[in-house]
Amino acid sequence: MNIAAHAARAAEGITPEIVAEHGLSANEYKLLVAALGREPSLTELGIFSVMWSEHCSYKSSKIWLKKLPTEGPQVIQGPGENAGVVDLGDGQAAVFKMESHNHPSYIEPYQGAATGVGGIMRDVFTMGARPIANMNALRFGAPDHPKTRHLVAGVVSGIGDYGNCMGVPTVGGETNFDPRYNDNILVNAMCVGLADAGRIFKAAAKGIGHPVVYVGSKTGRDGIHGATMASAEFDDASEEKRPTVQVGDPFTEKLLLEACLELMAEDAIVAIQDMGAAGLTSSSVEMADKGGVGIELELDRVPTREEGMTAYEMMLSESQERMLMILKPGSEKAAERVFRKWDLDFSIIGYTTDTGRLVVRHRGIVEADIPLASLAHAAPVYERPWTKTEPQATVAAEEVPAPNSQLGALERLVGSPHLSSRRWIWKQYDHMVMADTVQRPGGDAAVVRVHGTGKGLAISCDVTPRYCAADPFEGAKQAVAECWRNLTAVGADPLAITDCMNFGNPERPEIMGEFAGAVEGMAAACTALSFPVVSGNVSLYNETNGIAIPPTPAIGGIGLIPDIATMATLALKRPGDVLMLLGAEAGHLGQSLYMQVMLNRSWGAPPPVDLEAERRAGDLVRALIRSGSLSAVHDVSDGGLLAAIAEMALAGGHGVVLDAAPGPMPAHAIWFGEDQARYVVAARPDKADAIHKAAAGAKVPLRLLGTIGGDAIRLDGEPPLPLAVVRAAHEDWLPRFMAHG
Amino acid sequence: MKASVIVFPGSNCDRDAAVALEAATGQAPAMVWHGDSEIPASDLIVLPGGFSYGDYLRSGAMAAHSPVMREVVARARTGTPVLGICNGFQILTEAGLLPGVLMRNATLKFVCRDVLLRVERNDTAYTSRYARGEVIRFPIAHKDGSYFADDATLDRLEGEGRVAFRYCNATGEVTQAANPNGSRHNIAGIYNETGTVLGLMPHPERLADPALGGTDGANMFLSLAETLH
Amino acid sequence: MKARITITLKPGVLDPQGKAIAGALHALGFGAVGNVRQGKYIEVEVAESDPSRARAEIERMCEQLLANTIIENYAYELEAA
Amino acid sequence: MKARITITLKPGVLDPQGKAIAGALHALGFGAVGNVRQGKYIEVEVAESDPSRARAEIERMCEQLLANTIIENYAYELEAA
Ligand SMILES: Nc1ncnc2c1ncn2[C@@H]1O[C@H](COP(=O)(O)OP(=O)(O)O)[C@@H](O)[C@H]1O
Ligand SMILES: [Mg+2]
């Protein structure tokens with residue numbers, strides 16, 4: 001229904017229908033009236049609806065998120081601000097966050113993904129940080145679903161075009177294909193920025209009578225109801241609704257970035273907040289509420305790009321590339337000069353007050369007058385009923401049929417949609433701009449140098465949705481552990497994570513149970529690994545016609561490499577080096593990629609994560625990397641041991657000669673089991689003894705796997721698998737799929 | 001050597017160029033805002049990569065009309081070396097300092113990866129540190145890098161030896177497979193008539209530091225530093 | 001026949017390109033320039049001599065591929081090639 | 001007045017975008033599609049009521065900025081806005 005129709009109805013009073021269209025339940029509407037002390041105007045209803053939406057209020061997830069560990073000596077700012085902040089030493093800090101743009105990307109993949117990237121970058125530079133790396137975690141439907149190719153193409157070029165134009169390298173991510181995402185793809189974008197630890201900007205407005213300043217692009221009727229849409233389940237009709245799509249303008253965002261950083265170098269800003277979901281409404285409410293002040297807005301001063309915009313539209317518009325700031329009185333002129341220099345709109349649209357109310361005026365009429373506390377704190381919080389996901393039985397390796405040939409299975413695995421190279425994607429991302437990318441995409445974690453220093457920031461995005469679907473608790477634990485492991489594998493000290501919790505409809509107890517399980521799994525792993533959560537995002541209602549996505553708690557972690565000279569990579573470098581496995585082998589094939597690719601189905605419990613073992617193995621590997629003992633390192637994850645070895649061989653262009661799998665476990669369980677807490681490492685033969693000793697001391701099992709050399713993967717009793725064949729299988733799938741399928 | 005790097009709205013390799021220049025010359029270049037019509041006395045002017053004006057309309061088209069470009073053109077005409085990298089190359093063609101245009105890649109996609117280049121000449125200020133015919137590795141990162149000029153222009157460029165770099169394979173052969181974007185004659189970079197203005201799509205500044213995986217690009221800046229001091 | 005198709009952004013949809021072009025034209029001294037909108041222009045030759053059938057084809061092409069009807073409108077003219 | 005400008009590649013200039021569109025149309029089953037060329041379409045509002053002066057302005061804009069006349073042709077129609 002269009003806005004004019006809304007307005008016409010409002011004249012007749014707010015009907016239950018209008019309330020429902022705003023995504024508020026009858027009971028929530030009652031709460032609203034009580035909080036306001038009267039019936040709302042349409043503009044007020046709109047403001048409440050976005051502030052009380054799942055997206056802004058976290059009403060279903062709040063009580064659970066409290067269980068996540070958020071503290072640690074490295075944490076400067078935990079959840080609650082635009083992004084999390086961790087200490088990098090030397091007065092420097094990393095500012096980072098991940099966010100979803102799932103529904104918009106399904107409706108319009110290019111613009112949806114592009115504006116998702118734009119939004120997360122704003123979250124980061126709002127805090128005074130220069131973005132230095134972007135990541136993206138993508139989940140698409142089955143490759144043979146008619147929409148998948150179109151969605152992949154649009155999302156990837158949207159992410160690329162926005163980040164490329166901004167001049168921020170997109171250095172990594174992850175990509176899954178699964179039919180359960182057919183109608184609900186996930187586009188999670190992460191941004192990492194670098195700031196002075198002592199100059200972090202926050203959203204809390206302070207002081208009375210301070211100017212509220214709007215900067216950036218003009219306001220249009222973009223994405224009105226975007227925030228409420230992102231919180232409502234899809235049905236077939238919503239594809240027809242075709243809401244006003246937000247279009248990204250990365251050029252303007254680049255100007256906004258430079259202008260904000262330029263002004264931040266001066267002492268002019270009291271508080272700053274980007275206008276993301278729910279635009280002017282949430283930015284003004286959050287700043288005022290956090291600072292305990294009131295705010296008055298004069299909408300006639302809002303720069304608009306369309307004629308006749310109403311207060312309702314201006315308050316709810318989600319036009320991109322805009323920011324709201326509270327300035328120190330007297331600095332208006334200097335601020336205006338900066339924004340004009342960068343060709344951006346600048347307008348003082350209001351003042352802070354001592355009333356504790358949000359007052360919105362337009363054309364001389366008070367369109368809204370709401371106690372701020374009711375928007376921010378009176379929002380309902382739900383303790384939704386939940387049922388625990390039934391754990392599945394552990395699968396014995398003997399129950400899983402063996403392949404005719406281990407190397408044949410390997411070839412199929414690395415050439416499958418699940419494990420094939422993502423080069424087609426990252427080639428379209430400028431991953432080198434800023435000239436600090438010291439580890440490019442393709443490794444366990446991307447590494448960007450902290451500009452002007454020898455330090456490196458390692459970044460990785462991880463979650464294995466098929467594990468989470470089978471067991472949300474173990475799956476979420478695994479996601480955190482794998483992220484920690486990927487950072488460790490390049491030699492970094494893992495610092496902290498951000499997350500993007502993508503789930504179905506929380507009003508269904510089984511979905512809420514998945515959420516609860518995932519939170520508890522994350523909490524357990526974060527605690528055990530001293531890897532706190534400093535920011536994050538919850539995206540619920542990812543389901544269509546009652547079919548939900550698998551629970552997908554995407555984890556984005558960062559770590560610090562004190563000296564990039566000690567950074568490790570997965571590429572095998574020297575023939576003659578020995579290859580070793582660190583970590584215990586249990587041959588766990590339940591929910592493995594082997595099952596999925598070779599048998600075309602998944603069953604059983606996912607691999608359990610022994611967090612103690614994880615910590616021991618990781619600390620050992622990191623110490624070995626730092627002491628220069630290893631020539632290559634790769635963690636073992638999807639596809640198991642043989643896939644990990646193949647990836648190392650491909651990256652380095654050297655073959656391997658592998659010893660036979662030790663009994664008594666079936667060979668395919670050894671080669672393809674996805675036991676956790678494991679790394680494959682390479683080293684010069686003369687270092688092997690010391691590594692053995694260190695592993696024994698750390699109580700980490702070690703097994704010699706073989707030797708590096710030749711141009712094939714060689715396994716006793718099977719014809720060698722030439723690297724060229726593996727490479728073709730690994731590299732071909734995605735480009736071929738995207739070319740015609 | 002004193003260099004100036006021009007910064008347009010949307011430039012984003014300006015810092016990268018400055019870092020590489022400073023590493024090679026020991027002197028930080030002047031960063032010149034596009035709105036300025038003055039450029040300090042410079043031995044070299046660099047137009048960096050990026051997305052000036054978002055690359056909207058056509059890559060480099062709007063920047064070519066920036067006030068500062070009048071001065072860049074004037075300096076180039078009096079012999080000051082001007083180096084345009086990626087977006088800078090696009091700006092140079094749009095400004096008429098170099099012939100031809102950079103069109104959408106034949107794949108229609110942005111492409112970011114290392115490429116191999118054959119150094120066609122080593123008698124310019126940019127290439128004295130390379131050998132003629134040497135194969136070097138530079139990264140590319142562009143969507144509009146397909147060099148196009150009509151046959152007559154190409155004949156003239158070839159005849160006058162104005163092709164600076166060509167995309168090639170590991171043995172220096174100029175093959176279709178080695179061409180990442182559909183450029184005619186595998187052209188990656190060209191000179192003006194006097195060899196003082198160079199435009200190229202690949203980014204030497206991105207492989208000018210061993211920590212980034214290579215130093216082939218550093219030699220371009222070192223050549224300049226030695227020749228232009 | 002030959003179709004000349006113009007694809008334009010729907011009214012109200014942000015047009016960053018148009019905005020930037022307007023800015024550049026102003027900077028070049030074209031002071032009288034107001035709003036600028038950028039779209040696409042596509043010429044398609046169709047081996048179809050019946051105009052109404054050609055029309056139906058072109059419309060299907062626009063709906064299915066040429067225009068992104070979520071944010072774009074299209075219009076076309078037909079011409080005997 | 002409002003100018004509707006179409007900018008097209010000169011004959012002989014390779015048009016990878018047009019070619020890709022033609023390929024995609026064939027893949028979608030539009031077998032009758034022949035040659036496809038892609039260009040730009042730009043609408044410019046000019047605060048100029050005299051058509052001949054408006055025309056001169058538009059032509060200067062095209063020559064100076066909107067078209068790259070090495071590879072592109074332009075054409076336009078004027079319309080009282
Ligand atoms: N969407 C993407 N964008 C950029 N890089 C990606 C994307 N998807 C995967 N990659 C890269 O591909 C490599 C393999 O990914 P993945 O198998 O998820 O790694 P891992 O198992 O170590 O977590 C990584 O370097 C990752 O950064
Ligand atoms: Mg890994």
Side-chain angles (χ1 to χ4, degrees), chain C residues 1-11 15 17-50 53-68 72-78 81, chain D residues 1-11 15 17-51 53-67 72-78 81:
Chain C
M1 313 204 73
K2 190 192 224 168
R4 303 173 184 286
I5 305 167
T6 50
I7 295 164
T8 49
L9 284 170
K10 289 187 176 170
D15 177 9
Q17 308 237 27
K19 198 174 100 185
I21 295 171
L25 288 172
H26 288 150
L28 279 174
F30 293 101
V33 166
N35 205 16
V36 176
R37 303 279 287 174
Q38 172 164 344
K40 286 190 198 109
Y41 172 75
I42 303 177
E43 288 178 1
V44 180
E45 282 170 11
V46 218
E48 172 60 72
S49 48
D50 175 64
R53 275 211 297 270
R55 230 169 235 126
E57 282 287 277
I58 295 292
E59 279 166 34
R60 278 182 45 226
M61 290 178 206
C62 287
E63 292 284 340
Q64 281 184 39
L65 182 77
L66 303 181
N68 177 352
E72 291 171 334
N73 290 327
Y74 61 89
Y76 63 94
E77 286 163 19
L78 261 189
Chain D
M1 311 204 73
K2 190 192 223 169
R4 302 173 184 286
I5 306 166
T6 50
I7 295 164
T8 50
L9 285 172
K10 290 187 173 167
D15 175 13
Q17 275 151 310
K19 223 171 81 185
I21 294 172
L25 288 172
H26 287 148
L28 280 174
F30 293 100
V33 166
N35 204 16
V36 176
R37 303 281 286 174
Q38 172 165 340
K40 290 189 189 104
Y41 172 75
I42 303 177
E43 287 178 0
V44 179
E45 282 170 14
V46 217
E48 173 59 72
S49 50
D50 176 62
R53 274 212 297 271
R55 236 173 228 121
E57 282 287 277
I58 294 293
E59 279 167 34
R60 278 180 46 227
M61 289 179 207
C62 287
E63 292 284 339
Q64 278 186 42
L65 181 72
L66 301 181
E72 293 170 332
N73 291 327
Y74 61 88
Y76 63 93
E77 287 163 18
L78 262 189

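For clarity, every value in this text was computed on a predicted model and none was experimentally measured. For the numbers below, each heavy atom of this structure counts, side chains included, while hydrogens, waters and symmetry mates do not. A, B, ... follow the sequence lines: proteins, then strands. Residue 1 opens every chain.
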Hey, could you give me the CZ/CD1 distance between Phe30(C) and Ile58(D), rounded to the nearest 0.5 Å? 8.5 Å
Is the closest side-chain heavy-atom distance between Met61(D) and Val33(C) below 4.5 Å? yes
Specify which of Glu43(D), Gln17(D), Arg4(D), Gln38(D) makes the most heavy-atom pairs with chain C at under 4.5 Å. Glu43(D)
Side chain, backbone, both or neither: which part of Arg60(D) has a non-hydrogen atom closer than 4.5 Å to chain C? both
Option that, when pairs with chain D are counted at under 4.5 Å, heavy atom only, ranks first among Ala24(C), Ala54(C), Gly34(C), Gly18(C): Gly34(C)
Of all heavy-atom pairs linking Leu65(C) and Ile21(D), the shortest is CD2-O, 4.2 Å
Contacting region of Leu66(D) [heavy-atom separation from chain C under 4.5 Å]: side chain
